[in-house]
Amino acid sequence: MPSLPPPRTAGTYRIELVCLGNICRSPTAHVVLESRIADAGLDDRVEVTSSGTGGWHVGNPMDERAAATLTGAGYDPTRHRARQYDAARPDTHDVVLVMDEANLADVGGRSARVGLFRDLDPVDPGGEVPDPYYGGADGFEEVLAMVERTSDAIVAALRDALAGRD
Ligand code: 4NP
């Protein structure tokens, strides 16, 4: 999935980002992608949400280290509250992008609307966004760098996916 699937409807294009806990990786991607989409002027046409396949952290804010990494890079992580993944997502969203292979297995595998977030990584496509939860600060910086470059590519892919109904 180097491009994004075509819109399901003429309404808002819905992107769901998924990891395990929804407190580190997918919230980081959520905040960065939403910021890039706003910069591109596409925020009235695209909605980003995120969730975790596990439910342990539902209702909680972002992991402090993930939040600090985002704040240090000029983003606002404060609005995030963790949600659990709903198996209906591929039927209600235009695309579901997951962080690693375990997430992919947990959501039922690849499909026309389900793939890895880093399928769109312009530098090293097709890999995982590694789980930084049990590691040090470097892991969070690495996640942010992957997420920033991939979010730029996703915005470019969004322009293409949305072009059909301009
Ligand atoms: P995330 O990281 O999937 O990037 O949000 C994790 C957060 C929490 C846990 C695992 C991964 N946990 O086991 O609680």
Side-chain angles (χ1 to χ4, degrees), residues 1-2 4-5 14-38 46-111 113-155 157-158:
M1 194 199 301
L4 289 170
R14 297 205 156 79
I15 303 174
E16 171 110 329
L17 304 173
V18 180
C19 63
L20 178 58
N22 194 220
I23 55 170
C24 299
R25 291 167 293 173
S26 62
T28 296
H30 185 168
V31 166
V32 171
L33 181 57
E34 212 163 56
S35 166
R36 295 293 202 271
I37 285 169
V46 182
E47 177 189 87
V48 184
T49 52
S50 66
S51 63
T53 57
W56 315 285
H57 302 286
V58 167
N60 292 348
M62 216 181 286
D63 177 280
E64 284 180 4
R65 300 159 297 172
T69 304
L70 281 169
T71 302
Y75 300 96
D76 175 11
T78 59
R79 285 172 300 154
H80 180 73
R81 296 295 178 271
R83 300 159 67 238
Q84 187 163 15
Y85 182 74
D86 179 328
R89 288 291 182 259
D91 298 322
T92 57
H93 287 60
D94 293 281
V95 67
V96 174
L97 296 173
V98 309
M99 298 296 137
D100 65 27
E101 296 286 349
N103 305 149
L104 196 54
D106 286 341
V107 303
R110 280 185 184 279
S111 73
R113 295 197 183 272
V114 179
L116 288 173
F117 180 79
R118 286 189 63 207
D119 287 347
L120 289 107
D121 184 339
V123 174
D124 185 15
E128 301 184 314
V129 179
D131 190 345
Y133 188 66
Y134 295 106
D138 285 3
F140 289 86
E141 294 292 346
E142 183 188 16
V143 166
L144 180 61
M146 289 174 174
V147 160
E148 286 186 317
R149 69 186 188 230
T150 302
S151 293
D152 287 334
I154 290 174
V155 168
L158 271 170

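Ligands are counted one by one from 1 in listed order, and the atoms in each one are counted from 1 as well.
- For atom 1 (P) of ligand 1, the closest non-hydrogen atom on the protein side is C19 SG, 3.5 Å.
- Counting heavy atoms closer than 4.0 Å to ligand 1, residue F140 contributes nothing at all.
- Atoms CD and NE2, from E16 and H30 in turn, are 9.0 Å apart once rounded to the nearest 0.5 Å.
- Interatomic distance, OH of Y133 versus CZ of R65, reported as 7.0 Å (0.5 Å rounding).
- There is a side-chain donor-acceptor pair under 3.5 Å between E148 and Y75.
- Applying the 4.0 Å criterion to heavy atoms of L20 picks out, from ligand 1, the atoms 3 (O), 10 (C), 11 (C).
- With a 6.0 Å radius and a threshold of 12 heavy atoms from other residues, nucleotides or ligands, R81 has its CZ atom above the threshold.
- Atom CG in L33 sits 10.0 Å away from atom CG in L120 (nearest 0.5 Å).
- Short contacts between ligand 1 and Y134, defined as distances under 4.0 Å to a heavy atom of the residue, involve ligand atoms 13 (O).
- A distance of 13.0 Å separates CZ in R118 from CG in L97, rounded to the nearest 0.5 Å.
- We find the CG-CZ distance between D94 and R113 to be 5.5 Å, quoted to the nearest 0.5 Å.
- Using a 4.0 Å cut-off between heavy atoms, M99 makes no contact with ligand 1 at all.
- Among the atoms of W56, none of the N or O lies under 3.5 angstrom from an N or O of ligand 1.
- With ligand atoms numbered from 1 in the order given, ligand 1 contributes 5 (O), 7 (C), 8 (C) to contacts under 4.0 Å with heavy atoms of I23.
- Residue D131 touches ligand 1 through its side chain alone, judged by heavy-atom distances below 4.0 Å.
- Taking a cut-off of under 4.0 Å to the non-hydrogen atoms of C24, the atoms of ligand 1 that pass are 1 (P), 2 (O), 4 (O), 5 (O).
- Rounded to the nearest 0.5 angstrom, S51 OG and R89 CZ are separated by 6.0 Å.
- Residue contact check: G21 has heavy atoms under 4.0 Å from atoms 1 (P), 3 (O), 5 (O), 7 (C) of ligand 1.
- With ligand atoms numbered from 1 in the order given, ligand 1 contributes 8 (C), 12 (N), 14 (O) to contacts under 4.0 Å with heavy atoms of H57.
- Inclusion of S26 in the set of residues having an N or O under 3.5 Å from an N or O of ligand 1 is not warranted.
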